[in-house]
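First up is the structure itself, then whatever we jot down about it.
Letters A, B, ... are given to chains in the order of the sequence lines, protein chains preceding strands, and every chain is numbered from 1. Keep in mind that what you see is a predicted model, and the values were worked out from it rather than measured.
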There are 2 protein chains.
Amino acid sequence: MVVAANLDVRITIYDVAEAAGVSTATASKALNGTGRVSSETRARIKQVASDLGFRPNALARSLTRKRSFTVGLLTDDTYGRFTLPVMAGISEGLIDHGVSVFLCAIENSPELAKTHVDAMLDKQIDGIIATGKRVDRSLPVDLGHLPIPVVYALTAGPADAVTLVPDDRQGTSEAVGHLVRQGRRRIVHVTGPGSFRVVEERAAAFVEALHAAGLPAQTSAIMRGSWSERWGHEAVEALWSGTDRPDGICCGNDQIARGVVDALRERGVDVPLDVSVVGFDNWEIVAEQTRPPLTTIDMNLKELGRQAGQTLVRLVNGEAVETGLWRLPCTLVVRGS
Amino acid sequence: MVVAANLDVRITIYDVAEAAGVSTATASKALNGTGRVSSETRARIKQVASDLGFRPNALARSLTRKRSFTVGLLTDDTYGRFTLPVMAGISEGLIDHGVSVFLCAIENSPELAKTHVDAMLDKQIDGIIATGKRVDRSLPVDLGHLPIPVVYALTAGPADAVTLVPDDRQGTSEAVGHLVRQGRRRIVHVTGPGSFRVVEERAAAFVEALHAAGLPAQTSAIMRGSWSERWGHEAVEALWSGTDRPDGICCGNDQIARGVVDALRERGVDVPLDVSVVGFDNWEIVAEQTRPPLTTIDMNLKELGRQAGQTLVRLVNGEAVETGLWRLPCTLVVRGS
DNA sequence: TAAATTTGGGAAACCCTTTTCTCGCCGAAA
DNA sequence: TTTCGGCGAGAAAAGGGTTTCCCAAATTTA
């Protein structure tokens with residue numbers, strides 16, 4: 001049988017105290033495990049609280065504790081391809097600590113960002129996580145002089161803050177390493193626009209990885225374009241119109257890789273028999289639908305989000321945390337290409 | 001010149017009252033536009049508050065007002081293709097009302113969902129928006145007996161609540177109407193698994209739209225499969241192995257449409273010269289990269305999110321709102337297919 | 001001019017919890 | 001038997017606002 005709960009009458013600590021025949025001070029101490037309360041009294045109060053279904057009002061608690069167990073999540077990425085796994089990781093990593101997350105989609109608008117930040121400050125949030133879609137761009141709002149800690153994830157932050165990003169270099173090494181292990185010797189890098197810092201980082205790592213494998217690395221082996229399938233097609237056309245055709249292609253993202261694989265198939269080049277292709281991002285919707293499914297690099301964004309959340313909690317708790325850029329490892333995901 | 005703000009010393013209403021030479025009661029009334037205060041006094045207090053940079057502590061305010069100007073957003077969709085635009089719309093539609101949004105990724109776990117809901121209830125949220133990836137599935141938590149209003153968006157809700165979904169029927173009509181206007185007469189529908197309710201709704205609307213156009217509509221013109229590019233390929237293969245080939249294909253989503261278009265191109269069938277193809281979802285990353293770019297149906301999910309947020313606010317304000325399923329119109333987006 | 005209103009503003013209670021300070025009591029040491 | 005220390009518990013003061021009276025002065029009405 002279901003007992004009709006008095007949903008619109010919240011049980012307060014006064015009710016608990018009265019029912020247990022103690023003062024609210026004692027009830028509070030008993031319930032929170034602070035202060036000095038005899039174990040019998042403590043047990044009794046806890047029992048009463050549980051019987052009554054008492055749940056403390058977090059607002060009132062935050063008012064005195066000056067901790068709201070709430071943090072803000074700022075993002076300029078409504079498209080969400082990168083941000084969403086990060087957000088999910090943050091949410092997951094924080095709920096265990098009883099921390100809730102305010103979502104703020106700021107749309108690249110400084111005014112909107114300020115509105116959100118002010119609203120959250122008024123709500124006494126404990127900290128902020130800033131996240132975006134580009135590691136080399138910062139959000140259109142200055143979070144540097146806030147009275148609360150800020151952690152940056154997948155967006156540019158100041159040097160004296162913690163900024164979490166995927167380790168693009170290590171990820172690229174993994175990709176090249178895989179191609180080398182497949183016996184590939186003529187490897188090229190088809191990547192995005194040089195205006196993206198990750199492009200140059202990965203390009204440098206690409207050259208380095210080839211060297212490490214004892215392979216020649218011409219800079220001509222690095223082809224920059226857009227982050228699109230179209231560019232994958234164009235790159236293949238350019239490569240196959242010459243005589244020095246590659247047998248391994250390391251791509252800047254999965255969309256380019258998809259274009260490359262499609263273009264190769266259309267030319268009758270077999271993947272992975274004739275040419276091996278590795279993508280980047282492990283964007284499953286693209287990687288799994290490619291024929292054959294893409295071997296690619298996963299940036300472990302969910303884990304990155306989780307760590308961002310936990311780092312923020314540590315900062316809020318006053319723990320010392322090493323500032324600067326944290327590069328989190330990427331993982332090779334082997335599929336069919 | 002920048003004045004160094006005392007960031008760690010919050011200005012309270014006591015400070016404002018003292019500086020203005022009035023009581024806190026008067027200050028509160030003046031700032032909130034309530035009670036009876038002379039217009040000069042009101043103006044003076046407002047000026048003082050602004051000079052001091054006073055911002056009320058939302059926690060303290062919520063404690064007495066019993067309104068926290070915070071709502072919860074529950075989602076089981078960490079992949080986010082559908083949810084993210086909805087979330088962005090919610091966030092945008094609510095910040096104008098000074099309402100912040102708690103993000104809860106519940107991952108299909110009832111325990112996690114309950115943890116989140118309890119945490120938010122403790123934080124005195126004013127309402128909840130439940131959102132998901134399937135209109136015919138509900139979240140793994142019962143939100144029916146909560147003391148606060150709940151709005152459902154893109155997920156199944158009880159009949160006595162407001163549930164917002166895209167108008168799949170109208171969207172399908174738009175798609176078919178477009179094909180008909182292109183002069184197409186032999187139109188088929190390549191769609192997803194029959195286990196999805198939207199599939200059957202769209203199928204029914206497809207038949208209806210053909211009738212309305214005076215075209216014959218056999219049920220054999222509806223081909224159900226998976227939501228994948230692969231299925232698009234397979235469907236084309238099946239269709240073109242017969243003699244009764246279509247000249248218009250209405251697809252269940254953009255991925256299927258993409259597969260269809262690719263398969264047609266590989267067969268040397270020209271899109272849109274020989275065959276017109278319409279997708280569904282307007283998932284830009286797919287639609288724009290298809291060759292030619294996909295004509296498709298946009299579900300206006302951001303607008304749906306915005307309306308969900310505003311509806312929730314109205315419910316929180318005690319306004320009467322018509323319950324049941326709200327079908328929000330879709331829009332045809334014409335591209336090259 | 002006296003009575004009845006209206007007006008502007010303040011005192012105090014309230015929202016719910018935590019925390020500090022105080023105090024009585026009991027057992028142990030002197 | 002007195003003193004001291006520790007223990008358990010409560011009173012009261014935050015914490016930062018809002019809101020409900022209530023009162024005195026100014027204004028209107030009779």
Could you tell me whether the side chain of A/Thr70 and the main chain of A/Ser68 form a donor-acceptor pair under 3.5 Å?
yes
OH of A/Tyr14 versus C1' of D/dG10: gap in Å, rounded?
13 Å
So, does A/Thr131 use its side chain to make a donor-acceptor pair with the main chain of A/Ala153 at under 3.5 Å?
yes
Is B/Arg55 touching bases, backbone alone, or none of the nucleic acid, heavy atoms closer than 4.0 Å?
sugar-phosphate
Which residues in residues 43-53 of chain B have a heavy atom closer than 4.0 Å to any atom of DNA chain C?
none
One should read off an interatomic distance between B/Leu74 CG and B/Tyr152 OH, to the nearest 0.5 angstrom, of 9.5 Å
Worked verdict on A/Ser100 versus B/Lys123 for side chain to side chain donor-acceptor pair (under 3.5 Å):
CA-CA 9 Å; A/Ser100 305; B/Lys123 285 174 180 157; 2.8 Å; yes
Protein-nucleotide distance (A/Lys66, atom NZ; D/dG15, atom P), rounded to Å:
6 Å
Between B/Asp136 (side chain only) and B/Arg197 (backbone N and O only), is there a donor and an acceptor less than 3.5 Å apart?
yes
Using five pairs at either end of the helix from C/dT1-D/dA30 to C/dA30-D/dT1, determine the angle between the two local helix axes and round it to 10 degrees.
60°
Reading DNA chain C in the 5' to 3' direction, which nucleotide is the first one with an atom under 4.0 Å from a heavy atom of chain A, and which is the last?
C/dC16 to C/dT20
Name every residue in residues 17-31 of chain B that has at least one heavy atom under 4.0 Å from any atom of DNA chain D, in order of residue number, or write none if there are no such residues.
B/Ala25, B/Ser28, B/Lys29
Here the distance between atom P of D/dA13 and atom CZ of A/Arg65, to the nearest Å, is 22 Å
Touch class at under 4.0 angstrom, heavy-atom based, for A/Ser62 against every strand present:
nothing
Per the salt bridge (charged side-chain N to carboxylate O under 4.0 Å, His left out) rule, what does the pair list look like for residues 305-316 of chain B, sequence neighbours excluded?
B/Glu92-B/Arg306, B/Glu303-B/Arg306, B/Arg314-B/Glu319
Go through the steps for B/Lys302 and A/Glu107 under the test salt bridge (charged side-chain N to carboxylate O under 4.0 Å, His left out), then give the verdict.
CA-CA 13 Å; B/Lys302 198 164 186 175; A/Glu107 290 284 357; 2.5 Å; yes
Result for side chain to side chain contact (heavy atoms under 4.5 Å, CB included) between A/Val135 and one of A/Leu154, A/Thr155, A/Leu164 points to A/Leu154
Over how many whole Å does the gap from B/Leu63 atom CG to D/dT19 atom C1' extend?
13 Å
Look only at the side chain of B/Ser91 and the backbone of B/Met87, and say whether a donor-acceptor pair between them is shorter than 3.5 Å.
no
Assert: residue with more 5' nearest nucleotide on DNA chain D, out of B/Arg36 and B/Leu59, is B/Leu59
Applying a 4.0 Å non-hydrogen cut-off, can you work out what B/Thr41 is touching in the nucleic acid: base, sugar-phosphate, or nothing?
sugar-phosphate
All pairs passing salt bridge (charged side-chain N to carboxylate O under 4.0 Å, His left out) where residues 60-76 of chain B contributes a residue, at least two apart:
B/Arg67-B/Asp126
Does B/Thr115 use its side chain to pair, donor to acceptor, with the backbone of B/Glu111 at less than 3.5 Å?
yes
Residue whose nearest DNA chain C nucleotide is more 5′ - B/Thr64 or B/Val37
B/Val37
May I ask you to decide if A/Thr34's main-chain N or O and A/Asn32's side chain share a donor-acceptor pair within less than 3.5 Å?
no
Is it true that a side-chain atom of B/Thr41 and a backbone atom of B/Val37 form a donor plus acceptor pair closer than 3.5 Å?
no
Do any N or O atoms from the side chain of B/Arg44 and from the backbone of B/Ala20 form a donor-acceptor pair under 3.5 angstrom?
yes
